[in-house]
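Every number for a ligand or one of its atoms is a count from 1 in the order of the listing. Values below: all heavy atoms of this structure, side chains included; hydrogens, waters and symmetry mates excluded. Starting from 1, each residue takes its place in the sequence as its number.
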Amino acid sequence: MNTIRVILAGPRGRMGIEALRLIADTEHFELVAAVDRIHEGKYISEIEGLPKLQAPIYTDIEKCLKEVKADVLVDLTTPEIGRVHTKKALEYGVRPVVGTTGFSEEDLQELKQLSSEKGIGCIIAPNFAIGAILMMKFSQMAAKYFSDVEIIELHHDNKLDAPSGTGLKTAELISEVRETKKQGHPEEKEILIGARGATYDGIHLHSVRLPGLIAHQEVLFGGFGESLKIRHDSYNRASFMSGVKLSVETVMKIDVLVYGLENIIE
Ligand SMILES: NC(=O)C1=CN([C@@H]2O[C@H](COP(=O)(O)OP(=O)(O)OC[C@H]3O[C@@H](n4cnc5c(N)ncnc54)[C@H](O)[C@@H]3O)[C@@H](O)[C@H]2O)C=CC1
Ligand SMILES: O=C(O)C1=N[C@H](C(=O)O)C[C@H](O)C1
């Protein structure tokens, strides 16, 4: 297999540290640079104690993309920074693999267009965990039979975006197969604003943030005299790494933007 040269943005974050380990442990991946908020001019080996990774750190994505020859940018940062990084990478012909969540519909459309103009692949994956992809697929299957559904996503309390990218993607997948419907009593009133959560195409989405949690989601379906609950739990961030690896390999073979790993995993 040819070596894939990777730039990692967000190397000191919770996901970034796992991604560094993945790159160090994967023979055909080579870390060629990292993009961080600080530590310009230092080397990853000095920061994270991973002596195998001798890559320079940049604080300016554009300088990095100009100076370093790379195939893929893996972005695990914040919504504001991630969208800039993804756009710049596409402009410089580097294929983005984006785990960062919180992009708007307009961001996705703009990036999709740029990716096809440039004719290079881009993967934006709200969740890299195989179990979470299955949870979303199973939820879409179930929604054909149960049109009443509520999504509860539960995350650690350092999460910036709500609802989670996974929660939103689940609602999008369900709305593709479910007739638009207003759930609950037609005269239902919120006594406290927000009590019924956010809505996406009539689907209620509830976000829980608590210390001790990592990433969890339940999709609850209700029918006459029965209910169905589909739940996924990530207990650590290593759970996301097989999806990151698959995405880095796959993005080299595609020439459009793919939003969601369910489009890659058969
Ligand atoms: N797709 C997936 O499967 C998963 C996605 N995520 C998403 O990944 C993102 C990162 O999550 P965590 O690692 O938990 O967050 P984190 O807060 O631990 O890490 C974010 C990192 O981005 C860095 N950063 C901020 N501004 C930057 C800049 N200008 N240049 C370079 N780096 C910058 C921060 O220094 C920090 O190290 C979030 O959007 C989260 O929702 C998280 C887990 C799984
Ligand atoms: O911030 C997180 O932690 C996670 N973010 C992603 C999301 O917003 O869905 C994926 C996973 O849930 C963990």
Engineer: Would you kindly say whether Q109 and Q113 are connected by a side-chain donor-acceptor distance under 3.5 Å?
Structural biologist: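 Looking only at side-chain atoms, Q113 and Q109 do not form any donor-acceptor pair under 3.5 Å.
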
Engineer: Identify the protein heavy atom lying closest to atom 1 (O) of ligand 2, giving its residue, its atom name and the separation to 0.1 Å.
Structural biologist: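 The closest heavy atom on the protein side is K159 NZ, 2.8 Å.
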
Engineer: Compute the shortest N/O to N/O distance between R237 and ligand 2 and return yes if it is under 3.5 Å, no if not.
Structural biologist: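 Checking ligand 2 against R237, no N or O pair falls under 3.5 Å apart.
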
Engineer: Give a yes or no on whether a salt bridge exists between E40 and K63, defined as a side-chain N under 4.0 angstrom from a carboxylate O.
Structural biologist: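 So E40 pairs with K63 through a salt bridge.
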
Engineer: Does T170 have any side chain to side chain donor-acceptor pair (under 3.5 Å) partners at least two apart in sequence or in another chain, and if so, which?
Structural biologist: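 Residues passing side chain to side chain donor-acceptor pair (under 3.5 Å) with T170: Q217.
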
Engineer: Tell me the protein heavy atom at minimum distance from atom 9 (O) of ligand 2, and give that distance in Å.
Structural biologist: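 Residue, atom and distance for the closest contact: T166 OG1, 2.4 Å.
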
Engineer: Is the shortest N/O to N/O distance between G165 and ligand 2 below 3.5 Å?
Structural biologist: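 There is such a contact, yes.
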
Engineer: For the pair K144 and R178, evaluate side chain to side chain contact (heavy atoms under 4.5 Å, CB included) and give the outcome as yes or no after the intermediate values.
Structural biologist: CA-CA 6 Å; K144 282 189 190 163; R178 169 189 177 271; over 6 Å; no

Engineer: Looking at R209 and D157, is there a salt bridge between them, counting it only when a charged N and a carboxylate O are closer than 4.0 Å?
Structural biologist: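 So D157 does not pair with R209 through a salt bridge.
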
Engineer: What is the nearest protein non-hydrogen atom to atom 11 (C) of ligand 2, stated with its residue, atom name and distance?
Structural biologist: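 Answer, as residue, atom name and distance: H155 NE2, 3.6 Å.
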
Engineer: Which residue supplies the protein heavy atom nearest to atom 3 (O) of ligand 2, what is that atom called, and how far is it?
Structural biologist: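 The protein heavy atom lying closest is H156 NE2, 2.9 Å.
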
Engineer: If the plane angle is over 60° it's perpendicular, under 30° parallel, otherwise tilted; pick one for F221 and F146.
Structural biologist: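 Tilted: the ring planes of F221 and F146 meet at 30° to 60°.
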
Engineer: Do you know the tightest heavy-atom contact between V35 and P11?
Structural biologist: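 For V35 versus P11, the nearest heavy atoms are O-CD, 3.2 Å.
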
Engineer: Is the closest side-chain donor-acceptor distance between E249 and H28 under 3.5 Å?
Structural biologist: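 Short answer, yes.
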
Engineer: Using a 4.0 Å cut-off on heavy atoms, what residues surround ligand 1? Order them by chain and number.
Structural biologist: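 Ligand 1 pocket, heavy atoms under 4.0 Å: G10, R12, G13, R14, M15, V35, D36, R37, L76, T77, I81, H85, G99, T100, T101, A125, P126, N127, F128, K159, D161, F240.
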
Engineer: Which ligand 2 atoms does P126 reach within 4.0 Å, using its non-hydrogen atoms?
Structural biologist: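 Listed by number with element, the hits are 6 (C), 7 (C), 9 (O), 10 (C).
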
